[in-house]
Amino acid sequence: MEIIYLLIPISLILLGVIVWILLWAVRDGQYDDLEGPAHRILMDEDRIVDTQKNSRRGDAG
Amino acid sequence: MKSAIAKQDYPHVSVETGTISAVTGIGDCFHCGLPIPPELDLYVNIDGVDQPMCCHGCQAVAEIIIGSGHENFYRVRTEVSPTGQGLVPEFLRATEVYDVPEIQGQFVHSLGADTREASLILEGITCAACIWLNEQYIAGLPGVTDVRVNYATQRALVRWDEKQIKLSEILQSIQKIGYRALPYNPDQQQESHRQQRRLQLRRLAVAGLFGMQVMMISISLYAGAWSGMEASFEQFFRWISLGLTLPVILYSATPFFMSAGRDLARHQVGMDVPVSLAIGIAFASSAWATINGQGEIYFDSVVMFVFFLSASRYFENMARQRCAASVEQLAQSMPVVTTRLAPDGGAEESVAAATLAIGDRVLVRPGETVPADGEIISGFSALDESLLNGESIPLDKNIGDRLLGGSINVTNPLQMEVKSVGADTVMAEIQRTIERAQAEKPPLARLADRVAARFISFVLLIVVSVAVFWWLHDAERWFEIALAVLIVSCPCALSLATPTAISASLGKLQSAGLLVKRGSALENLNRVTHVVFDKTGTLTRGRPRLERVICSAEYDRGECMQIAAALEQHSEHPLARVLVQEAGILEKRKLTRIASTAGGGICASIDDEDYFIGNGNYIASHCSAEIPAQWLEEIAADAVTAVVLARTDRVIAMFTFVDDLREDAKTLITHLQNLGKSVILMTGDRDAAARQVADLTGIPDHRAQMTPRAKMEAVQALQQESAVVLMIGDGVNDAPVLSSADVSIAMGGASSLAKTNADIVLTANHLPAIAQAMVVAARTQRNIYQNMGWALMYNFGAIPAAAMGLIAPWLAAIGMSVSSLLVVLNALRLTR
């Protein structure tokens with residue numbers, strides 16, 4: 001069980017890293033907008049860029 | 001009309017299938033949802049389908065969106081977009097002043113040699129797809145290095161390379177996709193709010209993360225106490241717990257200690273006094289036990305207590321800051337840029353409004369906001385002061401009259417001399433008043449605070465008597481039991497009950513398109529018995545549409561439109577704008593001797609012939625001929641507004657305008673009547689118009705030709721018969737009546753927030769959201785009662801149990817946490 005003297009300090013180091021990352025994220029403003037990313041992720045996919053279709057005035061309608 | 005054909009391939013397909021979905025009605029503009037005027041033939045090809053457009057503005061906007069590869073916008077949007085009608089070239093010109101270094105100094109930050117950063121207010125955001133479009137589009141501009149749009153506040157943070165792109169170009173590009181962006185200077189209050197929020201979040205994070213570790217070790221210790229554990233391991237775990245609790249005490253718990261210190265210095269007992277006592281005593285005794293190697297430790301109780309209390313404070317603060325944002329909006333209505341004139345009245349110069357000094361001469365163009373308090377030195381005009389005093393009708397002002405900063409110049413250019421600036425202006429005074437009002441807590445919250453203070457004194461008394469009692473009877477257990485009582489009595493769940501439920505509902509309503517400015521509005525909304533509607537701009541679209549052109553025999557329609565538009569180009573009147581828009585491309589005509597009469601019409605000469613356009617009275621006083629009686633009959637029958645075009649000797653044409661009813665008005669009225677509310681229509685319009693709208697929507701009670709004052713008195717009369725009145729109006733014109741109602745909802749986008757006293761602003765172009773708000777309000781109220789009931793039950797049940805020594809401190813901490821958690825989870829049900 002002496003391994004615990006090694007494992008617990010390791011977990012503390014991990015804790016330190018996690019706390020540091022979280023504090024950095026807060027300072028970076030990542031928690032300022034909690035709603036936007038939820039919408040953004042749904043919209044950022046499958047963009048079809050087809051310049052052929054651009055701005056053709058449809059007269060045939 | 002081509003829309004009949006376009007109807008067939010109009011795809012009504014849901015978003016999930018990835019096809020363009022129609023958020024607009026059939027036959028309406030695909031971009032903005034406004035009806036398409038007859039004889040207009042504009043289309044934009046979106047995903048292989050020709051979609052109809054209502055004006056050249058919308059067409060241009062849609063083409064740019066498609067052209068830049070953002071057709072996804074039309075797939076995912078859930079609301080129609082702001083209309084492209086009246087995309088004003090003046091605005092494009094006005095953005096150029098933002099390139100002037102002195103003006104940039106206010107809101108542009110330099111980050112290195114060429115990198116600049118600015119915050120922009122975005123206007124015209126209607127749904128999440130708008131945010132996406134703006135982000136994608138701005139990020140795609142050459143020279144823009146970073147852009148982030150905040151969904152909740154509709155602000156964008158943009159970074160760009162000064163060498164490649166100018167700020168004015170970014171603003172103009174945003175304008176081209178149909179939105180308006182203005183740089184703004186986040187004021188100090190807002191900045192301090194943000195700092196405060198982040199600090200609280202960091203404290204919460206530290207308490208949570210370290211707390212989890214302490215809990216983990218506590219579980220080992222409990223297991224060890226149960227099944228046996230080597231003393232050296234136990235002592236090691238206790239030291240680790242102490243080390244992990246230390247940051248929580250020193251960092252996360254400091255606000256409690258500081259607040260308790262402040263309370264004691266003022267000889268008061270607040271909620272933080274017993275909290276600090278519990279934290280401090282429990283930690284000190286545990287630390288002492290760890291150092292001595294004997295006695296109980298309570299680190300787990302301490303961290304859990306700090307974490308849950310911090311969480312509740314964070315929620316509460318978020319809800320409060322949401323309300324404070326409205327004050328900041330008011331500050332935004334002051335213009336940032338203004339035109340200063342050289343002392344001799346000659347050269348014009350764009351300067352920041354903040355740099356104006358007393359004695360400066362300033363030019364205020366029509367449509368601009370007056371930058372400071374002052375006096376007119378040249379010109380006359382009508383001034384809209386509704387923002388300052390709620391007076392909805394613009395006031396005529398002449399040389400020597402006083403101008404108030406924040407009012408809007410409506411008709412003619414003015415020159416003014418600045419008399420007071422900054423904190424001395426009337427606007428600044430109003431702002432201070434609002435801030436004071438918001439700093440004051442609502443009566444109910446004040447009562448709750450007083451009760452809590454008594455409750456806490458009572459708790460402290462109980463703790464002392466319990467400690468003394470157990471000291472005399474069982475000296476071994478007195479500390480443990482007193483501590484359990486102190487923890488268990490924390491009115492934490494009680495204090496969480498209201499703020500969590502309200503902020504959950506506010507979030508829910510915001511996504512439904514309702515911005516709630518005051519949390520107390522929800523409570524009042526729940527009690528509403530009478531709903532009063534304004535007509536123009538509320539039940540109707542509030543945007544006049546040219547319905548008919550009646551021409552005299554000598555002129556054809558095209559010619560009438562051309563002459564009318566040529567004259568109306570020189571007017572700011574909304575009907576004039578519509579006429580110019582409808583005329584399409586104008587033939588070049590030379591106009592001379594242009595003169596306008598406020599509230600009447602406009603007159604000009606074309607090829608030495610005098611033309612007049614205006615209302616009936618104006619024409620009657622300038623034209624010798626009478627308006628044909630049969631024309632007048634036509635407007636008398638319908639609820640329309642008319643403008644007449646005439647020469648000195650004959651009447652040429654009459655243009656009639658209608659204001660269309662919103663399609664969903666009837667749905668809302670029916671919903672409200674099903675909820676058992678009495679619905680009343682009050683309008684300043686003529687009786688015929690009021691009756692027509694009332695009949696179409698099924699409103700039994702309509703009152704016409706009411707001035708804002710009469711509306712206000714009618715609402716007060718209802719209130720005297722103990723009715724609780726909800727007023728729904730268009731915000732600007734209805735300011736007095738909105739503020740006299742118990743709850744008020746104003747129509748309009750985020751930018752009109754500032755101009756209104758309303759408790760709630762409807763940002764979605766979707767009336768039934770109001771009925772939804774009433775349902776949410778009722779659910780919120782129920783939720784608050786449930787939370788309160790549970791919290792009181794817990795506190796009153798647990799305190800005697802703890803005093804009898806039945807609850808260990810760790811169990812007390814778990815009980816406290818679980819009761820708070822239940823309250824939060826219950827409140828979160830509201831978001832579904």
Side-chain angles (χ1 to χ4, degrees), chain A, chain B residues 2-3 5-6 18 41-52 59 63-64 66-73 75-76 127-129 131-133 135-136 148-153 157 194 197-199 201-202 205-206 209-210 212-213 216-217 230 233 236-237 240 243-244 247 507 510-511:
Chain A
M1 278 302 277
E2 272 62 34
I3 188 70
I4 219 152
Y5 290 116
L6 177 67
L7 289 178
I8 287 190
I10 288 177
S11 77
L12 293 186
I13 291 167
L14 277 176
L15 174 69
V17 173
I18 293 167
V19 167
W20 182 81
I21 291 173
L22 207 86
L23 294 187
W24 166 81
V26 172
R27 198 169 302 125
D28 195 47
Q30 307 217 2
Y31 288 91
D32 286 359
D33 178 13
L34 298 175
E35 286 159 75
H39 294 280
R40 224 163 270 149
I41 196 166
L42 292 174
M43 285 177 240
D44 267 354
E45 53 178 342
D46 56 64
R47 252 206 292 151
I48 316 144
V49 184
D50 184 356
T51 42
Q52 287 301 303
K53 280 196 285 186
N54 290 350
S55 62
R56 182 166 63 85
R57 268 278 276 293
D59 295 324
Chain B
K2 295 254 172 121
S3 64
I5 305 164
D41 200 13
L42 292 175
Y43 290 88
V44 173
N45 187 302
I46 299 170
D47 256 17
V49 181
D50 284 331
Q51 305 287 6
Q59 186 198 24
E63 281 182 349
I64 287 174
I66 300 300
S68 55
H70 295 109
E71 52 269 89
N72 238 4
F73 169 68
R75 272 192 208 114
V76 294
C127 69
I131 307 262
W132 174 84
L133 177 65
E135 252 184 10
Q136 295 291 317
R148 203 183 285 171
V149 182
N150 187 319
Y151 184 83
T153 59
L157 190 71
R194 207 174 57 128
R197 211 163 51 228
R198 288 185 177 180
L199 184 64
L201 198 58
R202 285 206 293 270
V206 166
L209 286 172
F210 282 91
M212 275 189 260
Q213 301 301 311
M216 201 176 71
I217 288 174
E230 268 179 49
F233 283 144
F236 175 66
F237 278 157
I240 295 284
L244 288 168
Q510 193 172 10
S511 57

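These numbers come from the heavy atoms of this one structure, side chains and all, not from hydrogens, waters or symmetry mates. Lettering follows sequence order; numbering is per chain, from 1. The shown structure was predicted, so the numbers you read here are calculated from the model rather than taken from an experiment.
Heavy atoms closer than 4.5 Å to chain B are found in both the backbone and the side chain of A:I4. For B:I240, the part lying under 4.5 angstrom from a heavy atom of chain A is the side chain only. At a 4.5 Å heavy-atom cutoff, the contact between B:L244 and chain A is made by side-chain atoms alone.
Although no hydrogens or angles enter the test, the distance criterion places no donor-acceptor pair under 3.5 Å between the side chain of B:R202 and the main chain of A:L23.
Within 6.0 Å of OH on A:Y31 lie no more than 12 heavy atoms contributed by other residues, nucleotides or ligands.
Between B:F233 and A:Y5, the angle of the ring planes lies from 30° to 60°, which puts this pair in the tilted group.
Annotation for B:Q213 and A:S11: closest pair OE1-OG, 4.4 Å, computed over non-hydrogen atoms. Closest approach of A:L15 and B:L209 over heavy atoms only: CD1-O, 3.8 Å.
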